[in-house]
Protein chains: 2
Amino acid sequence: MAANKYRPEQSIAIAVDCIIFGFDSKDLKLLLFRRKTEPLKGSWSLIGELIDNDISLDQSAKDILYRLSGLENVFLKQLKTYGQVDRDPLERVISVAYYSLIRIDEFNLQSLENHDAKWFDFDQIPDLILDHGQMVDDAIKSLRSSVRYNPLGFELLPEYFTIQQLQTLYESIYRTAFDPGNFRKKMLSLDILERTAKKDKTSSKKGAFLYRFKKDSVKQFPTQTGDFERIKEVIKF
Amino acid sequence: MAANKYRPEQSIAIAVDCIIFGFDSKDLKLLLFRRKTEPLKGSWSLIGELIDNDISLDQSAKDILYRLSGLENVFLKQLKTYGQVDRDPLERVISVAYYSLIRIDEFNLQSLENHDAKWFDFDQIPDLILDHGQMVDDAIKSLRSSVRYNPLGFELLPEYFTIQQLQTLYESIYRTAFDPGNFRKKMLSLDILERTAKKDKTSSKKGAFLYRFKKDSVKQFPTQTGDFERIKEVIKF
DNA sequence: ACAAAAGTGTTGCTCGTACACCCATGG
DNA sequence: CCATGGGTGTACGAGCAACACTTTTGT
């Protein structure tokens, strides 16, 4: 490292790590990698790297995703920064964690092999190196609470999808079952879905209408909340 | 900087910045500092510093608060990390922002003078250096959404307080007025307040009971949420 | 025709909101 | 004795949960 003008003696490396969530229209999964370098070579880990001097944090995370999957414009959100002194055994590394949401079917299979990577079901996540396990836990919590407030999750579905598929996604995020009738009514009432003329007949004889996410609907809603809508669930979590 | 083992050419400084919110039983305020060093000397800014090699991020933020105020155990939360390449004009600095909640009356006045610091009302916040203005905006948003889920804000009140004072705090966080009767009922229904025998007579003839926050009440509540309690306000914000 | 998934309707209940009303007391 | 803030009660409505019910169509 070159000397630092403000504080020459500072000697801390900085990395970006990515938690990658994927959905295959059935289960929510996590992408993990076998570490290729010492120390801890061969253990499961998130993907990450020490950043370049002239690339922003956000861009570094995007670049990791792009090189890995070939995908651009994926959903990517900064999660938290991990700064314990001894989190890496070799030297001090501060890591900024990001998480992303990806459709598994869009992901290049060859790329998985090249990177020695594998999709894991949530109940089968192995031990991860360093504090990567903590990062994953934090990311799942953050994802769950994000979905409460943002019409998120559409990144994980194909452009056209049935209400049923959307429900399956939400169920796998929350690990719980919703009532089909109520789920449908709630989602439709939000006025963020657009029904198309097409039907999907793969899972029923009657066929289910395919919907599409209304892009323009985001942000145009007035945040018309009453008093306690704001401080409602003060005690939860 | 000494050379970095994993990636010797990396040359990025790392800092912690603190957004300090204070409450004087009437208004929510922000503590700002006149920058003492070039570049941008004399402009208003948050307080922060390049961290030590052997101090964690969380501890660095705590230390800043402690040296400034003499207070320990203040509420402190990591907000976000700012990593644009050119955010600092002199060299690349990545900054991890924290925000904290403090009672203004506990704050050492002499310390304010020593640091050339001043409490600002929210509607009178001046332009800040670098991306500190963005940090403050992000912190306010985060504070508002945190208060929704955590019995937070008690850090900002004296040990004994009236429901009225609690309401004033929430009103200044949300910049809105709540119905006194409903606010009272809601807060009491949460079972996190303990009524004491004492009364505060400074603002009425009848006198208002002083309450105290039940410390043991946190976390013991079952997160018993129904289906849509989870995905309820999908569209807000 | 019937099984099975798609989709609709109905009812009870909880809880936020609005607002009327009682209580205590110092001047 | 009345003005003022503290504190309680009630009625209405919105929205979630549970579940019964109708629709469609391939076999």
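In what follows, chains are A, B, ... by sequence order, proteins preceding strands, each numbered from 1.
With sequence neighbours excluded, the residues forming a salt bridge (Lys or Arg N to Asp or Glu O under 4.0 Å) with A:Arg87 are A:Asp131, listed by chain and number. Taking the ring-ring contact (aromatic ring centres under 6.0 Å, His included) definition, one finds that B:Phe23 meets it with nothing, sequence neighbours left out. Applying the side-chain contact (heavy atoms from CB on, under 4.5 Å) test to A:Lys201 and every residue at least two apart in sequence or in another chain returns nothing.
One atom, CG of B:Leu210, and another, C1' of D:dG6, lie 13 Å apart when rounded to the nearest Å. One atom, CG of B:Leu188, and another, P of C:dG16, lie 13 Å apart when rounded to the nearest Å. Atom P of nucleotide D:dT8 and atom NZ of B:Lys186 are separated by 17 Å, given to the nearest angstrom. The separation between A:Gln167 atom CD and C:dA5 atom P is 13 Å, rounded to whole Å. Taking atom CG of A:Asn182 as the reference point, atom P of D:dC19 lies 11 Å away to the nearest angstrom. Rounding to whole angstrom units, CZ of residue B:Phe209 and C1' of D:dT8 are separated by 14 Å. Atom-to-atom, CG of A:Leu166 to P of C:dG7 comes out at 13 Å; the value is rounded to the nearest Å. Rounded to whole Å, the distance from OH on B:Tyr174 to P on C:dG16 is 14 Å.
Looking at A:Glu159 and A:Arg212, their side chains come closer than 4.5 Å, going by heavy atoms from C-beta outward.
Contacts classified as side chain to side chain donor-acceptor pair (under 3.5 Å) and involving residues 16-33 of chain B (residues at least two apart or in different chains) are given here: B:Asp17-B:Ser95.
Proximity of B:Thr162 to the phosphate of D:dG5: no side-chain N or O atom is located under 4.0 Å from OP1 or OP2. Residue A:Ser189 places none of its side-chain N or O atoms closer than 4.0 Å to OP1 or OP2 of D:dG15. Proximity of B:Gln164 to the phosphate of D:dG6: a side-chain N or O atom is located under 4.0 Å from OP1 or OP2.
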Which nucleotides of nucleotides 21-27 of chain D have their base under 4.0 Å from a protein heavy atom (B), which only their sugar-phosphate (S), and which neither (-), written as one string 5' to 3'? --BBBS-

Please report, to 0.1 Å, the donor-acceptor pairs under 3.5 Å made by any side chain of residues 76-83 of chain B, with sequence neighbours excluded.
unit_1  : atom_1 : unit_2   : atom_2 : d
B:Lys77 : NZ     : B:Ser146 : OG     : 2.9
B:Thr81 : OG1    : A:Thr81  : OG1    : 2.4
B:Tyr82 : OH     : B:Asp138 : OD2    : 2.6

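Counting only heavy atoms from C-beta on, A:Asp179 has its side chain closest to D:dA18 among C:dA6, D:dA18, C:dT17.
The neighbour count for B:Lys141 NZ, taken as heavy atoms of other residues, nucleotides or ligands under 6.0 Å away, does not exceed 12.
For D:dG9, its base sits under 3.5 Å from the side chain of B:Lys185 at one donor and acceptor pair at least.
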